[in-house]
Novice: 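Below: one structure in structure tokens.
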Amino acid sequence: MAIRFAFFDIDGTLIDDRRELSPRVDEALAALRQRGIETAIATGRAPDQLRPIAERLGFDSYVCCNGSLAVYRGEKVLARAVPHDVMDSFIQCAESSGYPVVVAGEAACFANRPHHPEIREAYRFLGLPSEPVYDPAAWKREDVYQLYLFCKPGQEAPFVEAYQDSLRFIRPHRFYLDVFPAGVSKATGVEAILRRAGCDKEDALAFGDSENDVEMLAYVGTGVAMGNAAELAKRAARRITASVDEGGIFAALVDLGLMEEEPVRP
């Protein structure tokens with residue numbers, strides 16, 4: 001097996017809870033690229049939310065919105081928008097329940113509440129400097145690849161029951177859930193990119209730490225769970241590395257023989 005492609009989750013993998021880069025990430029990515037190994041982000045974030053880290057680290061390929069949208073070298077290779085009738089019904093239910101909603105389009109995110117404190121806190125949690133655009137009708141004009149439903153744990157149960165055939169729900173934060181098309185996962189986006197790149201899944205490497213990484217870690221030839229990963233992610237992975245704070249990506253690449261550890265200096 002020769003690694004030809006590597007995918008990286010962002011939160012808890014490339015960056016830590018302080019929104020800082022994992023140690024030696026720049027070196028690790030440079031080493032992969034020098035070997036001709038292509039790299040891509042695979043995240044639950046929306047396109048505008050991943051853009052700062054992608055630009056900082058030189059990624060031009062990405063899987064986002066938990067697999068609903070995938071871009072390879074600037075070319076869109078997968079787009080699974082939430083069906084318009086589902087959007088219409090879901091927004092009505094959220095509005096009647098008094099829950100804020102943010103919708104993720106290809107270029108921007110839009111909120112149905114202006115300057116809402118929980119939306120603001122969620123964006124701070126992601127380390128983003130700005131809030132989504134206030135535009136309650138944006139979903140009528142834009143293809144929506146993911147929604148963020150702002151409600152307390154347990155309050156989502158009626159939505160999960162009503163939309164279980166059309167939508168999938170994952171909670172990354174106590175304030176909100178990621179909501180995206182059923183049958184979608186990061187693995188669907190990874191598959192689309194690998195197909196376009198002409199790379200077999202056995203020759204792909206992926207790093208992740210959360211529930212939304214499970215399918216991706218199981219799909220690729222070498223799935224690596226961070227030391228700080230959820231148990232579901234660890235069980236899906238072939239390898240477990242050090243935590244994000246301990247430079248887990250760098251350590252895994254050394255273990256895989258994809259880069260050399262610096263000699264210990266006296």
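Position 1 is the first residue of the sequence; numbering continues from there. Quick note: numbers below take in every heavy atom, side chains included, and nothing from hydrogens, waters or symmetry partners.
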Novice: Would you kindly confirm whether Ile10 and Leu128 end up in one hydrophobic cluster when ILVMFWY residues are joined by side chain heavy atoms under 4.5 Å apart?
Specialist: no
Novice: Go through the steps to decide whether Thr39 and Arg33 satisfy the test side chain to side chain donor-acceptor pair (under 3.5 Å), and finish with yes or no.
Specialist: CA-CA 7 Å; Thr39 60; Arg33 291 162 181 165; 3.0 Å; yes
Novice: What are the two closest non-hydrogen atoms of Ala252 and Val224, and how far apart are they?
Specialist: CB-CG1, 4.1 Å
Novice: Output all residues satisfying ring-ring contact (aromatic ring centres under 6.0 Å, His included) with Tyr134, sequence neighbours left out; order by chain, then residue number.
Specialist: none
Novice: Salt-bridged, Asp213 to Lys186, with N to O below 4.0 Å?
Specialist: yes
Novice: Dump the intermediate steps for salt bridge (Lys or Arg N to Asp or Glu O under 4.0 Å) on Asp135 and Arg141, then the final yes or no.
Specialist: CA-CA 11 Å; Asp135 187 345; Arg141 306 184 310 271; 2.6 Å; yes
Novice: Using a strict 4.0 Å threshold on nitrogen-to-oxygen distance, state whether Lys76 and Glu106 make a salt bridge.
Specialist: yes
Novice: Partners of Phe175 by ring-ring contact (aromatic ring centres under 6.0 Å, His included), sequence neighbours excluded?
Specialist: His173
Novice: Rounded to the nearest 0.5 Å, how far apart are CD1 of Ile249 and CG of Asp9?
Specialist: 8.5 Å
Novice: In this structure, which one of Ile91, Val86, Val103 forms a side chain to side chain contact (heavy atoms under 4.5 Å, CB included) with Val144?
Specialist: Val103
Novice: Is there a donor-acceptor pair closer than 3.5 Å between any side-chain N or O of Arg124 and the backbone N or O of Pro129?
Specialist: no
Novice: With a 3.5 Å cut-off and no angle check, do the side chains of Glu121 and Tyr123 form a donor-acceptor pair?
Specialist: no
Novice: Is there a donor-acceptor pair under 3.5 Å between the side chain of Arg174 and the backbone N or O of Pro153?
Specialist: no
Novice: Do the side chain of Glu211 and the main chain of Ile170 share a donor and acceptor less than 3.5 angstrom apart?
Specialist: no
Novice: Arg238 side chain to Gly221 main-chain N or O, any donor-acceptor pair under 3.5 Å?
Specialist: yes
Novice: Would you call Arg113 and Glu95 a salt bridge, taking side-chain N to carboxylate O under 4.0 Å as the test?
Specialist: yes
Novice: Check whether any side-chain N or O of Glu246 sits under 3.5 Å from a backbone N or O of Ser243 as a donor-acceptor pair, and report yes or no.
Specialist: yes
Novice: Could you go through Met226 and Thr241, starting from their C-alpha distance and side-chain angles, then the distance that decides it, and tell me whether this counts as side chain to side chain contact (heavy atoms under 4.5 Å, CB included)?
Specialist: CA-CA 5 Å; Met226 306 299 289; Thr241 186; 3.9 Å; yes
Novice: Strictly distance-based, threshold 3.5 Å: is any side-chain N or O of Ser61 a donor or acceptor partner for the main-chain N or O of Arg73?
Specialist: yes
Novice: Before accepting this row, confirm whether a basic side-chain N of the pair Arg171/Glu156 lies closer than 4.0 Å to the acidic partner's carboxylate O.
Specialist: yes
Novice: Is there a side chain to side chain contact (heavy atoms under 4.5 Å, CB included) between Ile3 and Leu256 once you walk through the steps?
Specialist: CA-CA 10 Å; Ile3 301 296; Leu256 289 165; 5.8 Å; no
Novice: Under the ring-ring contact (aromatic ring centres under 6.0 Å, His included) rule, what do Phe150 and Tyr99 come out as? Steps first, then yes or no, please.
Specialist: CA-CA 6 Å; Phe150 285 76; Tyr99 298 149; over 10 Å; no
Novice: Taking all atoms of both residues into account, what is the closest heavy-atom pair of Pro132 and Ala111, and its distance?
Specialist: CG-CB, 3.9 Å
Novice: Can you name the closest pair of heavy atoms from Leu217 and Gly208 and give their distance?
Specialist: CD2-N, 3.8 Å
Novice: Among pairs that include at least one residue of residues 78-89, which meet side chain to side chain donor-acceptor pair (under 3.5 Å), considering only residues two or more places apart or in two chains?
Specialist: Asp88-Gln92, Ser89-Tyr163
Novice: Mind listing the closest non-hydrogen atom pair of Glu260 and Phe250 along with its distance?
Specialist: O-CZ, 4.4 Å
Novice: Is the side chain of Gln49 donor-acceptor paired with the backbone N or O of Ala46 at a distance under 3.5 Å, no angle test?
Specialist: yes
Novice: Take Leu29 and Phe59 through the test side chain to side chain contact (heavy atoms under 4.5 Å, CB included) and record every step on the way to the result.
Specialist: CA-CA 10 Å; Leu29 294 176; Phe59 289 98; 3.9 Å; yes
Novice: How are the rings of Phe90 and Phe159 set to each other: parallel, tilted or perpendicular (split at 30° and 60°)?
Specialist: tilted
Novice: What pairs meet the ring-ring contact (aromatic ring centres under 6.0 Å, His included) rule with one or both residues in residues 22-49, with sequence neighbours excluded?
Specialist: none
Novice: If you measure from the Lys or Arg side-chain nitrogens to the Asp or Glu carboxylate oxygens, is any gap between Arg45 and Asp11 under 4.0 Å?
Specialist: yes
Novice: Indicate yes or no for a side-chain donor-acceptor contact from Lys234 to the backbone of Asn228 under 3.5 Å, with no hydrogens or angles considered.
Specialist: no
Novice: Does any pair with a residue in residues 184-219 pass ring-ring contact (aromatic ring centres under 6.0 Å, His included), and if so which ones, sequence neighbours excluded?
Specialist: Phe8-Phe207
Novice: Give me the atom names and distance for the closest heavy-atom approach of Val82 to Leu167.
Specialist: CG1-CD2, 3.9 Å
Novice: Under 3.5 Å, side chain of Arg35 to main-chain N/O of Leu258, donor-acceptor pair present?
Specialist: yes
Novice: Can you list every salt bridge (charged side-chain N to carboxylate O under 4.0 Å, His left out) pair that touches residues 189-198, not counting sequence neighbours?
Specialist: Glu75-Arg196, Glu191-Arg195
Novice: Any donor and acceptor pair, going by atom type alone, linking the side chain of Asp16 with main-chain N or O of Val244 inside 3.5 Å?
Specialist: no
